[in-house]
Each structure stands twice: as C-alpha cells, then as structure tokens.
Amino acid sequence: MQLRHMFYGSALDKSREKWEYTRFEFLELTNMDIDRITNCIGKGAFADAENAWMAGIKDNPSPEKVNQALTAFLDAGKEETAETLGWSLLEAHANAPKEQTLALASAALLAVPKSEELRNQTAELFKEVYAAKENFEKIYKAAGLETGQSPKRAIRTLNTCLALKPGMYMGNRFDGRVIKITGLNVMGEFEYHDFAEKSEDVLEPKLLADEFDVLDETDFRVLQQNPEEMEKMMQKDIGRVLVGMCIANSGEINSDQLKERLIPKYLPASKWTSWWGRARTAAKKSEKLTLEGRNPVTVVYHATGRSLEEEYRNSEEFKSAYHPIDCLVLLRNYIRDAAARGQAPDEKLTGQITTMIAQRVAKCIPSLPNEALEGVLVLALAKEMGISIPAEAADLPTPADILGHVHEPASSVAGLPDADLWAGAIKAIKGLANAADIFEKLLYLSPVEQLDVIAENLKELGRPNAAGEAIAKAMNFPIKHIDLCLWVWLADAGLVEDQPGKLTILMKILDMSHEIDHNWHGDNTSRKDARQKVRNALAARDYAIYQAALDEADEAMGSVVKTKIERTDGLAQAVNEQLINRLRDKFFSLFVKAKALPWEDESVIWTTDKALEAHQEEMRILKEVTMPANAKQIGEAAEAGDLRENADWQAAIEERDMLVARARKIQNELLMARVIHVTDVPKDSVSVGSKVTLKRVSDGKTFEMSFLGPWDSDTDNNIYAYTTRLAQNLMGKALGETLTLELEGQEDQFTIDALAPAGV
C-alpha cells in the first residue's frame, strides 16, 4: 500500500514521532517481522534474529521497523552487530532511489548513533538528494551532521529546515505560538514573522527545528491567523474548519472541545446548535472526516481519505447493529450519505447489512416472532429500495406466515417500530382468513397515520360499520383512544356514518388534553408524545379544522371552549395563543369584559414558583401516598367483620372523605394558580409581587414588607398574602403616596418610600 512517512513534529501525529526520517513516498512491499526478531533477541538466539533481519530487508522495509530492529540489537549489547546489519541494509538498497535509501540510512543511524560509518553514509546521501536545493549548504552546515552534532538533532534540523519555503507556517511545540517563514538570510538564519508578538525575528536552523514544527496549511492554527478568511470559512467552508481543527488537535477533536474553542471568539453561543448541525452534515459529506461516538461526538481526520463504506464499517452504529430496525436505520443513513456524495450504494456493504438481517430473523424463529416479523418486513422494504436481498432470505417465512401463527397479530403489527413497515404488514394481513378481525382490533391500536387504510380495508372486507362503532367508543373514553379521536378530527366529513361534528370532537379533544395533563397513568415520555399529537392535530391545516369547529358554535359554546382552553396547560404557548386569537375573532364579546385588577380577581390565586411546586407536591403525596394508604386501611378494616360496629372502618372512611375533599380543593386551587413573574410587577405602584418600604411620617422609621400569594405567607419574615387587610389597603397605591395604616397596633401616617419586585 502507499505509505507516507511524516516528518518529525507533524501536527497530524498524535504524539511527537520517535524517529527522524525524511519526507518521501515509497512502496512498502514486505513487512519486516519485528516480533520474530525481538523474540529471538530476547531468547539470545541472535543468529535467528539476524536471519530474520536479512529476510526482511530484501525488498522495502519501513524505516520504523528498521529502527525498531536495530534498537533491539543495540539494547541487547550487540552494537557492532547492529552497525553491520545497518550496512547490510544500505548495500541491499544501493540501487534503490536515493530518497528511499536516505530514509533507511537515517533510521539506521538514529538506532546506532555512534556509528561513524553510518553517519558518513547518511551525510553523503543527504548531499546527493539535496545538493541542488537552494540554501542547502547553509542549512547543512548549521545542522552539524559531519561536525559532531548528535544524529537525532542534526537529522531533525535537516528534515525540518530543508522542507521550509517562504510563506510556510510553523507552530511552537512548547507555547503554541505560530510563525510564518519569510526567508533565509546571509548568516544562515531563518527570518520569520511572529503572529503572537506581531514582530519580525530570526532563528538559526537547529534552534528553529528544536522548537517548531511545520504546520499543514489547513491546520486550524494557520487558518485563524487570517480572521476575515476564518469568518468566511465558519459559514461557507465548515468542512475545512473541521479538518484544520482536527489537524491542530492531533488528528481528532470532540464536540465539547470544538465548542470551547469556537465560542465566543468565532461563534456566538446562541448559534452553536445550528452550526454544529451543519458541521455534522459537512463531516458526513467529507471523505477525510468521520464522526465517532456520542456525547460528545468526535470528529476524526484521515489524511489519505476514507471511503464512505470504510466509515460505515468502522462506525459504532455498524458494529452495534443487532436488531432489524437497527439495520434499517443503517441502510437509510448509508443510502442518504452516498447520495450526498454523488455515488451509488455499494452492493457489498448493503449485502452485508441485509445478510445480518436475514441471519437475525433465522435466529428469532420461533422464539421471537415479533422481531422475526420486523426483520422480514425490513428485508421487503430494502428490496423496494433497490437493495439486493441475500439468497438465504428465500428460506425465511413470509410476513403472512408469521402473522398467521402469532397469538395476537394485531398487537404484533401495532408494535412495529417504524411507520414504513406498516404497508408490508397490512398487505400480509389481507392474505389471512381472519383479516377483518385483525383490522378491527387494529382500529384501537394503530397510530393516526394508519387508520385511513385500515378503515378502507374493513370496508372492502364487508365491515363498513366497524370504524363508526370504534369512533363511538373513543368519544366516550377519549384518553384511552387518543389516536382514534384525533383521526376523526382530522378526517373529512362523511368518513363514517353518524360521524360527530367538529365542535363535538373539539370538546372531547380539549377534555382529553386536560386529562393528559392531570390524570395520565403512563410515563412522562408517553405523556409528552400524547401532548404533541394533540397540538399537531389542533394546528393541522393552519388551524382550518379548529376554525370549522368554531363555525358550528354559538357564543355560549364559545364560552365553554374558552374555559376549556384556559384550563389546559399542555397545549404550548404558541398553540394556545392561536386558539384564543381565533376564538376572539369569532366571539369578541367574550373578551371585552372589564378586567379585574390582579388583587381583586377571585378566579386567580397568585403564587411564586416555589409555593406552586410545594402545592403540587402536596397533591402528588395525597394521590400517590396518603390516599392509597387510606384505601389499604379501609380494605384491612373491612375484613374485620360487621362494618356497622367497626370503628376502624368508619374512621378510615371519614379520613377518605376528608382526603378526597382536600384533593378536590387543591386541584381546584391549582387550576386557578398563576405564577407571579418579576416582569409583571409594576415599578411605580403597589401590586401583587411588590416589596414595599414604608416610612412613618412621625418619626421616619421604615418598615419593609413583601406582598405575595396566600401560599407564600411568612409573617415572621414580613411576607404577607396580598389578600390580607394590610395588603388590600396598599394595593394600587403609588410610589411617594402617603396614607393611614395600622402597624404595630396603632394607626399612623406612612409614605411609600420605595418599591421593588419581591423575591419571585
């Protein structure tokens, strides 16, 4: 394979290279067996080690392996042998290209630095290869290869400095400074511009090579020296930015490091998310970049490029793909990325993935029929995508075969993890004798998107009333049949016989939304999904269905809709505003009533976030702890015999009634609760949420007090409910106003001396 030996100090390397070679390309035709050589040396079998060496140098061993082998001989005390073997290497390559022989000679000399013969031969090769290069004599003399300088330092100086040209950039390996080479003066010193110091300076070749590494022109440290160009690249050439940052960071960089280095110098924090999304896309399109891992994602640079297929085969997603759905995601992503690069999908890779699916299906029969069903449907979908299916898939059962043998075929289909698999499943159901029964059960299990085709199939199978009957049940228990209710809401009129009007369905959906907020029995993820479904349905077709429902309503029903919307928390602000705005346009009179002042509005209980959370926690404990414990107590007491003379049972029943009453009271209070926001507290008059400083006119004594909600009251800390007599006397009074109040048991005159928001 083609192998480029990078010179000392390349920023592409993860650590500073141990060896000092030269920068040439050559073919590595054979691999020197380093393990065999070192094992023989370790056992003292030096003759065998020498034989392995001689076998390894016949063609083109790499300089790294030459150095490793000779170093092993030297470490074993065989310096003379190492020197002799080094000479045998150079003799074997006497007729090879001089650049290649120089790389091998440098490797041998670095391993056996005391060999004068190897030093002399390496010096001659440098002269032969570079004699015609401008400034060679100055650099060669400064390096000191023939005047006693250590081989390591001399070769490093030659390799680094002979490669330099005006305009090239270098990075200081100790303090990170970046310089730009501007020339070589008559004294044999390199002139350079120091970006950090904004000054011009000179360094003799050895010191320059000691401190600095040559930087690739795409290195981020180089790119950022031109701020204007950098700003353009951040927007128009993100792939180049990623490459440069990887190069500057030893070949890879993760998303956390990227964020730290780009913000705020090159990117505002508010734009990071969108920029990182574009950066991921750019990395996927680049042949030299791959993405690895999660949280954080690591961007990895490949200097010689990497095919998309190599990227996928080496990805964690490919290695961890196990279930058919994992493989489907893999196929989709690969086909998408191949299209982005303008190339056709590789049949070997897609065949490898579909073979994985077929093998998994074979293992799942009959122990995991649902996963087997998923697998054969994925294979069918892959075929539709134009992907070749492996021959072993011909022996797998069909989707209809699997559905015909599972206990609950409707549940198996409803559990499919991807919407695109439904078409194949429905096609399979149609071929079964009990297809109508399965479709009828699916009415209650399917997502909204699948219900049209299920209803159509039921009509074809002679059950046209099935959908109507299912809708009637759903209207009675909407929270149990969310998708059915939303389906009939979204459907055109006349979908089924006796289809409810849009206004009726709207009422059910709003009730259902309230139930999702307050009486949900599933986990938070499913609650979140249910809320999103409702929001999407209400906003469908730019709220046209909702508008049609309002057109069926009179003002009285409009008032009911308004109340239901206002008591529903899970609609999201944007949806809530749209619903209310359209309702206002339709029934303006519902919104023109005089607005009560905050402290006079009996329909609202003002509170802080902290007090609201405490109230909610009390409600949770009542429902999840206290009331279940009471129910258990009632059950245990009931087992004791005659309930008429059972004091424990009666006490438990009385406690239950008290708990239910308390729960209802808290529930109603929570519905009325509104949080006090600091932005709503006026600065020029007393209101709910104000912190007031009063100054007594008679003696100038000041009193500080805050007015918050009844749940926040703490008189020991001068926090009063806005409903108290003192608070009501102050509400609405302006800064600087004087009034008569009773404080500390006596009436006096007080001036409102200062106002500020309380701790809300």
Side-chain angles (χ1 to χ4, degrees), residues 6-17 23 134-135 138-139 142 153 156-254 256-269 271-272 275 279 288 299 301 303:
M6 302 305 298
F7 63 96
Y8 184 119
S10 169
L12 295 177
D13 301 323
K14 292 186 177 179
S15 62
R16 190 170 173 82
E17 287 288 347
R23 306 169 62 201
E134 185 180 3
N135 296 319
K138 292 179 183 177
I139 296 170
R153 193 182 188 198
R156 178 173 66 229
T157 301
L158 288 167
N159 288 337
T160 300
C161 295
L162 288 172
L164 291 178
K165 296 177 181 178
M168 293 181 71
Y169 293 82
M170 302 187 79
N172 189 293
R173 67 178 66 96
F174 304 110
D175 60 20
R177 287 182 299 125
V178 176
I179 65 173
K180 184 177 182 180
I181 300 299
T182 55
L184 185 71
N185 64 24
V186 293
M187 303 296 294
E189 298 169 319
F190 278 96
E191 300 172 338
Y192 65 88
H193 172 75
D194 189 319
F195 289 96
E197 299 294 333
K198 297 182 180 178
S199 63
E200 311 301 318
D201 210 337
V202 296
L203 268 178
E204 66 94 8
K206 283 198 296 293
L207 292 178
L208 184 73
D210 288 343
E211 293 187 36
F212 290 87
D213 296 325
V214 176
L215 299 181
D216 190 284
E217 63 180 8
T218 58
D219 191 303
F220 185 70
R221 289 170 290 179
V222 174
L223 299 180
Q224 61 185 350
Q225 302 310 320
N226 187 338
E228 293 183 2
E229 185 65 22
M230 184 66 195
E231 186 176 344
K232 292 178 183 177
M233 283 189 291
M234 284 291 295
Q235 300 304 321
K236 298 181 179 180
D237 198 354
I238 295 176
R240 187 178 173 193
V241 174
L242 293 176
V243 167
M245 297 195 78
C246 286
I247 292 173
N249 200 57
S250 302
E252 62 183 46
I253 190 167
N254 67 45
D256 289 345
Q257 294 169 322
L258 272 170
K259 187 174 183 179
E260 181 181 344
R261 295 178 192 183
L262 292 177
I263 294 174
K265 187 173 182 180
Y266 300 107
L267 195 69
K271 293 186 177 181
W272 164 255
W275 187 90
K288 293 192 175 184
V299 185
Y301 173 68

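- Annotation: Glu200, atom CD; neighbour count of heavy atoms from other residues, nucleotides and ligands within 6.0 Å is above 12.
- Annotation: side chain of Ile139 is not in contact with side chain of Leu164 (no heavy-atom distance under 4.5 Å).
- Contact of the Asp237 side chain with the Lys232 side chain is not registered, since no non-hydrogen atoms from C-beta on lie closer than 4.5 Å.
- In this structure the side chain of Asp216 never reaches within 4.5 angstrom of the side chain of Val222, judged on heavy atoms.
- If you take CD1 on Ile247 and CG on Asn249, they are separated by 11.5 Å, rounding to the nearest 0.5 Å.
- Identified under the ring pair (Phe, Tyr, Trp, His ring centres under 6.0 Å) test for residues 159-191, with sequence neighbours left out: Tyr169-Phe195.
- In this structure, Asp194 and Asp201 have side chains that are not in contact, with every pair of non-hydrogen atoms separated by 4.5 Å or more.
- Closest approach of Gly171 and Leu215 over heavy atoms only: N-CG, 3.4 Å.
- For Cys161 against Pro205, the heavy-atom pair with the smallest separation is SG-O, 3.6 Å.
- Partner of Leu223 under the side-chain contact (heavy atoms from CB on, under 4.5 Å) criterion, out of Met245, Glu229, Arg240: Arg240 alone.
- With rounding to the nearest 0.5 Å, the separation of CZ in Phe212 from CE in Met168 is 14.0 Å.
- Here Glu231 contributes atom CD and Leu267 contributes atom CG; the two are 11.0 Å apart, rounded to the nearest 0.5 Å.
- The NZ atom of Lys165 sits 14.5 Å away from the CG atom of Leu184 when rounded to the nearest 0.5 Å.
- A donor-acceptor pair is defined here as one N or O able to donate and one able to accept, closer than 3.5 Å; no such pair exists between the side chain of Lys206 and the backbone of Thr157.
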What's the verdict on side-chain contact (heavy atoms from CB on, under 4.5 Å) for Leu208 and Ile179, showing C-alpha distance, side-chain angles and the deciding distance? CA-CA 11 Å; Leu208 184 73; Ile179 65 173; 4.0 Å; yes
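- The minimum heavy-atom distance between Asp256 and Asn254, with the atom names listed, is N-OD1, 3.0 Å.
- Tested against Arg177, the residues Glu211, Arg221, Met170 include a single side-chain contact (heavy atoms from CB on, under 4.5 Å) partner, Glu211.
- At least one side-chain heavy atom of Leu262 sits less than 4.5 Å from a side-chain heavy atom of Trp275.
- Atom-to-atom distance recorded for Gln224:CD and Met230:CE is 7.0 Å, nearest 0.5 angstrom.
- For Thr182 (side chain) and Glu191 (main-chain N/O), a donor-acceptor pair under 3.5 Å exists by modelled atom type.
- Taken from NZ in Lys271 to CD in Gln235, the straight-line distance is 6.5 Å, to the nearest 0.5 Å.
- At least one side-chain heavy atom of Arg261 sits under 4.5 Å from a side-chain heavy atom of Ile253.
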